[in-house]
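Input: a single structure, listed below in structure tokens.
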Amino acid sequence: MKVYNFSAGPAMLPEEVMLKAQEEFCNYGDTKCGILELSHRGPQFMDVLATAKQNIRDLMNINDDYEICFVQGGASMQFCMIPMNFLPADGVADYADSGTWSSKAIQEAQRFAKINVVGSSKETNYDRIPVVRHWQPSENAAYMHITSNNTIAGTQFHTFPPVKEGVPMIADMSSDFMSRVIDINDFGMVYGGAQKNLGPSGVALVIIRKDLAARGNKNIPTMLRYSTYIDKDSMFNTPPTFAIYLLKLVTDWMKAQGGLAMIEEINNTKSEALYELIDGSDFYRSPVEPGSRSKMNIVFRLPSEELEGEFIKKAGMNGMSGLKGHRSVGGIRASIYNAMPIAGVEKLIDFMIQFEKNKG
Ligand SMILES: *Cc1c(COP(=O)(O)O)cnc(C)c1O
């Protein structure tokens, strides 16, 4: 039986991608060598890197003002690289506190300088995006940082906040990267760990405006400077070749799906179907404020923790895994990133209807 994996990350990859990687694992492009074994300076990998970058450029409609970089250390490494590059010790940066990951980004940045939290939904257990109207930005922020999708609480920015002229907006898009159409010109930089929507863990995709990177602090280690990744085409040292190869396959797949507009439409269909079921039921309940609901991580509760345990167990027996909510919020979380097919969501919905009918 096919298992639909609703894990928040590492998350499922498109089946076509897994099969292609398997096919090429031992013999890439008739080299009789696996892609893992090929030199990163050789023509095969250079082509993989260039294609991955071009795919991302095409899919996200990214102009030449921006560079696409692959940085090791996941999204969490970005939490320190951003302030190290852009936040002088006597400066201030603005951060929105919309969930566990943004608060981690804030804590890390506080090691370097003053952080102004423009708005927070912590008091309501991160059940919403802090209302942008009430945000209190500082006069002279080095940048503004947001988390576009809050993986644990299940909230998402549906529109992005306006920023002041000259204040670059930086977004952690780990859990909704390339799940919808965005205008890159709204941002100085967007980044994310690949393991939610794009590929394997360990690598972060960073898309950064070149002039912003060039203004970064030069007195930090080479490997931590964005300008290094731009100047050396992400190859100052040996890059994570297998991760980049998989990113190339995933972005090939996204193109074959018809691009981000098509993918967004499918993501809308999947999430609307689930929320419709939750809202139409007295059994399931969404703890998230309706205007802030995530289309990637659908968090919901059942009438009791006992029933939630039963739900996860029975779902598992029926070929659906990874549905346990994060330990900090409990309940159920269905992560339905790009690779989750509509059929997987339909199967979950059928199961939910049946489970409610039997009341366990
Ligand atoms: C998963 C996640 C992270 C952490 O990613 P790592 O690659 O494990 O460092 C950061 N931010 C968000 C929004 C995430 O979902």
Side-chain angles (χ1 to χ4, degrees), residues 5-13 69-84 95-111 115 120-122 126-130 143-158 160-161 169-180 182 187 189-207 223-224 229 234 239-240 242-244 246-247 250 267 271 288 292-299 322 324-329 333-340:
N5 173 14
F6 291 89
S7 163
M12 70 180 291
L13 290 166
C69 307
F70 303 102
V71 184
Q72 304 206 46
S76 300
M77 183 70 97
Q78 297 305 307
F79 295 169
C80 70
M81 275 180 71
I82 292 163
M84 285 175 99
Y95 278 69
D97 178 25
S98 58
T100 309
W101 290 114
S102 35
S103 87
K104 286 192 173 165
I106 290 166
Q107 280 169 36
E108 196 67 359
Q110 277 167 339
R111 295 170 177 277
I115 299 304
S120 173
S121 49
K122 188 170 182 183
Y126 296 125
D127 67 341
R128 67 198 64 195
I129 297 294
Y143 58 85
M144 155 83 85
H145 183 279
I146 64 167
T147 310
S148 59
N149 184 78
N150 299 282
T151 325
I152 292 172
T155 66
Q156 188 174 26
F157 280 87
H158 294 178
F160 294 110
M169 181 154 64
I170 299 180
D172 175 358
M173 294 195 165
S174 294
S175 52
D176 66 353
F177 225 154
M178 299 176 83
S179 70
R180 54 175 167 171
I182 63 155
F187 299 91
M189 167 177 154
V190 298
Y191 69 95
Q195 70 273 28
K196 314 279 165 58
N197 238 340
L198 303 174
S201 60
V203 69
L205 171 62
V206 174
I207 305 172
M223 285 287 290
L224 298 178
Y229 291 82
S234 297
F242 195 60
I244 293 169
L246 274 170
L247 260 155
V250 171
N267 287 334
S271 54
V288 178
S292 299
R293 287 174 176 177
S294 169
K295 295 176 180 180
M296 297 278 100
N297 310 97
I298 288 62
V299 171
K324 195 169 163 45
H326 191 270
R327 58 190 184 281
S328 64
V329 294
R333 171 175 54 176
S335 297
I336 51 170
Y337 302 119
N338 293 351
M340 174 59 68

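Just follow the structure's listing: the first ligand is 1, and inside any ligand the first atom is 1.
Taken to the nearest 0.5 Å, the OH atom of Tyr191 stands 3.5 Å off from the CG atom of Asp172.
Within the 4.5 Å cutoff, no side-chain heavy atoms of Ile152 are placed close to those of Tyr126.
For His158, the side chain to side chain contact (heavy atoms under 4.5 Å, CB included) partners are Gln156, not counting sequence neighbours. Remark: Pro83 pairs with Leu87, Tyr95, Ala109, Phe112, Tyr143 by the side chain to side chain contact (heavy atoms under 4.5 Å, CB included) rule, at least two apart or across chains. Every residue two or more places apart in sequence or in another chain was checked for a side-chain hydrogen bond (donor to acceptor under 3.5 Å, both in side chains) with Ser234, and none qualifies.
Checked options Asp127, Thr155, Asn297; the residue passing with Asn150 is Thr155 (criterion: side chain to side chain donor-acceptor pair (under 3.5 Å)).
Every protein residue with a heavy atom nearer than 4.0 Å to ligand 1 is included here: Gly74, Ala75, Ser76, Phe79, Trp101, Thr147, Asn149, Thr151, Asp172, Ser174, Ser175, Gln195, Lys196.
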